[in-house]
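Counting starts at 1 for both ligands and their atoms, in listed order. As the structure is a computational prediction, the values presented were derived from the model and not from experiment.
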Amino acid sequence: MLDNRQIDLAAYWMPFTANRQFKAKPRLFTSAKNMHYTSSDGRQVLDGTAGLWCVNAGHCRDPIVKAVQNKVAELDYSPAFQMGHPDAFELANRLTALIGGDYSNVFYTNSGSESVDTALKIALAYHRVKGDAARTRLIGRERGYHGVGFGGISVGGVVTTRKMFGPLLPGVDHLPHTHNLEKNAFSRGEPEWGGHLADELERIVALHDASTIAAVIVEPMAGSAGVLVPPKGYLKKLRAICDKYGFLLIFDEVITGFGRLGSPFAVNHFGVQPDIVTAAKGLTNGTVPMGAVFVRKHIFDTFMTGPDNAIEFFHGYTYSGHPVAVAAALASLDVYAADGLLTRGAGMAKYFEDAVHSLKGKPHVIDVRNIGLVAGIELQPRPGAPGARAYETFVKCFEAGALIRTTGDIIALSPPLIIEKKQIDELVGLIAAALKTVA
Ligand SMILES: Cc1ncc(COP(=O)(O)O)c(C=O)c1O
């Protein structure tokens, strides 16, 4: 047990955190196992968010812990450029086999943000290598979240992550978001209304001309901006329009990758094959920072031209394919396979759906939406204090023993994929109780 007051909290500038509010009443975790965190005051806290959408197999799983311990003692670091280590190649082979289709190659990064910027650079360079250098425009989507790099915030559509940091990348446009409570409130799974919003890409094409557009990037399910499930037919339509004009389609699967929707990737879940897929988070079960970018064969082959001794893509990170991260990823894939976790969500989705939709009618709840093991619960904002109700619900839940996540007035749930039915009941019960106490 720790007394939070004995810790000097001053120097750490915390990310995406109200620093002064937090430090006045801190919430600290000191350990974790399976579905639970232990807080600094010694309480068990049920993890309703898999950390930050990343601890898909639950916390401190022995095989992953051991793999990391062993690797750091065996090969602490190996240069990433013009050198390699065997495990990095094995992981790439396993990842391409897992996602299937004709995804032939994987580029390693250290985070979701880096995966996104890498994917955007691959898309721009791809057209240039093909001699189509006029294709420089990138199309994102309102309410899209693609991390915090300049590429990611430029194509992203979360206003708070953009407005302080301009000028952003030029030549970017945005599709409209698909959120519409009048049409889709309390949808279960993919909403009926909104597939036609993909046609907005045609409007953007008419405005800019197809010959200027390089790529379209979307999250197949928008997570961070409040769990926006794609309307029926929407993603297939986007794919068709991209095919028609020769745009690359990028799915940002930083959240949806590794079993979140009940399939290994959203690519598998929706049966739509983008040209490039970004991943991170669940890749190492959150244990060590790592990201990855998958490309289809035609992309990789386009780069593999020119003289053999020429570096084909001038991009990479000191820690691309870091041995310890790769060890964590390989062990995570083993755990996912042994426990059947990458498809477990499919079997649990209905129970989870019924449980979260039981919050309909509870105080302040204006929408519940879900897919796989993800749910969004939207609250009516308190007049004059947007976000306050959800934040207070989050604090009450933490105090009562559950970790939830909030964005504005939306609660997002994304528990580890090992969650049991009684833990789903407990999580939803704690949220219902917290909502009753929030004004
Ligand atoms: C879809 C998506 N892309 C990118 C990111 C950024 O990932 P990171 O925080 O690892 O940079 C996130 C993070 O939540 C995300 O949800």
Would you call the rings of Trp193 and His196 parallel, tilted or perpendicular, where under 30° means parallel and over 60° means perpendicular?
perpendicular

Can you sort out the partners of Tyr336 under ring-ring contact (aromatic ring centres under 6.0 Å, His included), two or more places apart, ordered by chain and number?
none

Checking side-chain polar atoms at under 3.5 Å, does Ser332 have a donor or acceptor matched by the opposite partner on Asp334?
no

Qualifying ring-ring contact (aromatic ring centres under 6.0 Å, His included) pairs, either residue in residues 144-168, two or more places apart:
none

What residues form a ring-ring contact (aromatic ring centres under 6.0 Å, His included) with Phe186, not counting sequence neighbours?
none

For ligand 1, protein residues within the heavy-atom limit of under 4.0 Å are Ser111, Gly112, Ser113, Tyr145, His146, Gly147, Glu219, Ser224, Asp252, Val254, Ile255, Lys281

Return the orientation label for the His298 and Tyr126 ring planes: parallel under 30°, perpendicular over 60°, tilted otherwise.
perpendicular

